[in-house]
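Worksheet: one structure, shown below.
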There are 2 protein chains.
Amino acid sequence: MTRSILIADDHPLFRQALALAVGQVAPDATVLEAGTLVAASGMVAERGDLALILLDLKMPGAVGFSGIALLHAERPDVPILVVSSAEGDHAADEARAFGARGFLRKDADLAVIEDAISAALAGRTPATRRSVSSSDGASDLDPIRERVADLTPTQLKVLLAVLDGQLNKQIAHSLGISEATVKAHMTAIMRKLDVSNRTQAALVARSLGLHLRH
Amino acid sequence: MTRSILIADDHPLFRQALALAVGQVAPDATVLEAGTLVAASGMVAERGDLALILLDLKMPGAVGFSGIALLHAERPDVPILVVSSAEGDHAADEARAFGARGFLRKDADLAVIEDAISAALAGRTPATRRSVSSSDGASDLDPIRERVADLTPTQLKVLLAVLDGQLNKQIAHSLGISEATVKAHMTAIMRKLDVSNRTQAALVARSLGLHLRH
DNA sequence: GCAGGCATTCGACCATTGTCTAATGTCGTG
DNA sequence: CACGACATTAGACAATGGTCGAATGCCTGC
């Protein structure tokens with residue numbers, strides 16, 4: 001059985017470095033590379049044997065954590081390891097809230113990165129540093145943000161389309177479903193976000209850092 | 001003939017200081033004070049003899065330049081002097097784009113402030129420092145932002161209500177106009193913002209820093 | 001296995017939004 | 001003063017959005 005691993009980062013050099021690390025841990029895996037979020041999204045949709053996604057936090061085409069949310073929406077079963085430059089401690093928890101399996105700093109030791117990759121491939125959660133919160137480990141994240149995190153994959157894709165200002169008809173076409181279905185998803189989204197129309201939904205989602213660029 | 005001057009700032013001490021300056025320039029004027037944007041908005045609506053508004057850039061209840069836009073929308077005829085703490089050069093031009101007559105830094109000399117107040121009362125544009133752009137003096141501000149600046153007063157109030165997620169019916173009620181009129185305004189707003197539905201209008205407006213808090 | 005929950009799907013029906021046309025009033029210009 | 005430009009108002013109609021009920025399929029726990 002073949003398996004493939006997607007490396008999504010806009011810096012070619014860093015993609016190469018990550019590919020090297022992947023080669024050490026999983027020599028049999030096919031390595032896919034993407035420099036933009038849409039490219040990554042396309043590959044994710046095509047490859048059925050995808051086993052892991054390594055995702056840069058600041059990808060062209062996405063703002064904030066939208067990239068994580070989008071790819072996680074496309075394939076909730078594929079683990080995502082977020083690779084960041086030098087964000088704060090908070091970023092790791094937020095990334096997890098949006099669906100990431102683990103969080104790696106770019107300045108981490110190569111061995112740490114390889115460990116995280118093999119752990120994720122094995123289905124385990126990498127032993128990256130977690131929140132430094134004192135004892136309970138509970139997140140004091142925005143309660144609404146938590147609700148965003150448990151939007152279903154399809155719902156998230158619909159919401160991102162709404163953030164693009166698209167009509168239900170357009171969303172239906174691009175997702176290959178009927179307009180009635182899009183409306184049903186919108187109802188579910190609005191219920192989860194605790195709002196009553198799509199404009200409020202769009203504003204809330206954007207205030208949570210969800211947004212895609214063209 | 002009586003005239004009144006509104007001082008809108010959340011810091012009571014600074015309100016007092018501004019009131020002192022106003023007293024020097026216009027001893028006859030009635031001084032009104034407001035600590036929040038809604039309070040200021042209410043006073044603006046009530047007082048017909050309002051001659052000038054001194055507005056803090058960061059007022060509770062508003063984000064960015066919404067406060068300027070809102071008060072300017074209520075009474076486009078009343079000059080607004082924006083008083084800021086220590087914003088960049090850019091802020092002055094942006095404030096003007098949203099309807100402010102002049103821009104004052106809080107660390108400015110008292111004489112400068114008094115000059116600006118008397119100039120504004122006389123109907124002139126205060127000689128505060130303008131953009132440092134080389135020769136033409138033209139603004140390279142976002143072209144869409146310019147369009148926001150020439151929204152009519154009512155249109156701006158409608159847009160702010162849309163940013164609050166309100167329905168046309170609710171907007172009509174709170175503005176005391178008919179729903180048909182709100183729709184007409186929406187059409188004009190969307191044309192000026194170069195979008196085709198209210199969700200896009202809301203997103204564009206928010207991306208320009210327009211937003212009111214509850 | 002099977003019962004319950006949930007995601008996804010959809011059509012029908014009502015609500016909201018947006019367009020078009022047009023009337024009124026105000027303001028500044030020639 | 002007359003004229004044009006435009007804000008404001010509004011009704012009728014078309015397009016879009018949102019709710020309800022229901023069917024299907026998947027997964028989990030009993």
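Chain naming here is simple, since letters A, B, ... match the order of the sequence lines and numbering starts at 1 in each.
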| note | Residues in residues 170-179 of chain B with a heavy atom under 4.0 Å of DNA chain D, by number, are B:Ile177, B:Ser178
Find the distance between [atom1] ([X]) and [atom2] ([Y]) and round it off to the nearest 0.5 Å.
X	Y	atom1	atom2	value
B:His185	B:Ile171	NE2	CD1	10.5 Å
A:Leu57	A:Ile68	CG	CD1	5.5 Å
B:Leu193	B:Gln155	CG	CD	9.5 Å
B:Asp10	B:Leu37	CG	CG	11.0 Å
B:Leu55	B:Ile7	CG	CD1	11.5 Å

Might you list the N or O atoms of the protein lying below 3.5 Å from N or O atoms in nucleotides 19-22 of chain C, with each pair's distance?
{"from": "C:dT19", "atom 1": "OP2", "to": "B:Thr187", "atom 2": "OG1", "distance (Å)": "3.0"}

Considering just the side-chain nitrogens and oxygens of [X], establish if one lies under 4.0 Å of OP1 or OP2 belonging to [N].
X	N	result
A:Thr152	C:dC6	no
B:Thr181	D:dT8	no
A:Lys169	D:dT16	yes
A:His185	D:dG18	no
A:Asn168	D:dT16	no

Rounded to the Å, how far apart are [X] [atom1] and [N] [atom2]?
X	N	atom1	atom2	value
A:Lys192	C:dT8	NZ	C1'	12 Å
B:Asn197	D:dG17	CG	C1'	11 Å
A:Lys157	C:dA7	NZ	P	15 Å
A:Gln200	D:dG17	CD	P	16 Å
A:Leu151	C:dT8	CG	C1'	15 Å
A:Leu159	C:dT8	CG	P	14 Å
A:Gln166	C:dT17	CD	P	20 Å

| message | What I'd like to find out is whether the side chain of A:Val158 reaches to under 4.5 Å of the side chain of A:Asn168, using heavy atoms alone. | response | no
| message | Ignoring hydrogens and geometry beyond distance, is a side-chain donor-acceptor pair present between B:Gln170 and B:Ser174 at under 3.5 Å? | response | no
| request: Identify the residue among A:Val44, A:Ile5, A:Leu6 that makes a side-chain contact (heavy atoms from CB on, under 4.5 Å) with A:Leu32. | output: A:Leu6
| Which pair of heavy atoms, one from B:Leu163 and one from B:Ala205, lies closest together, and at what distance? | CD1-CB, 3.9 Å
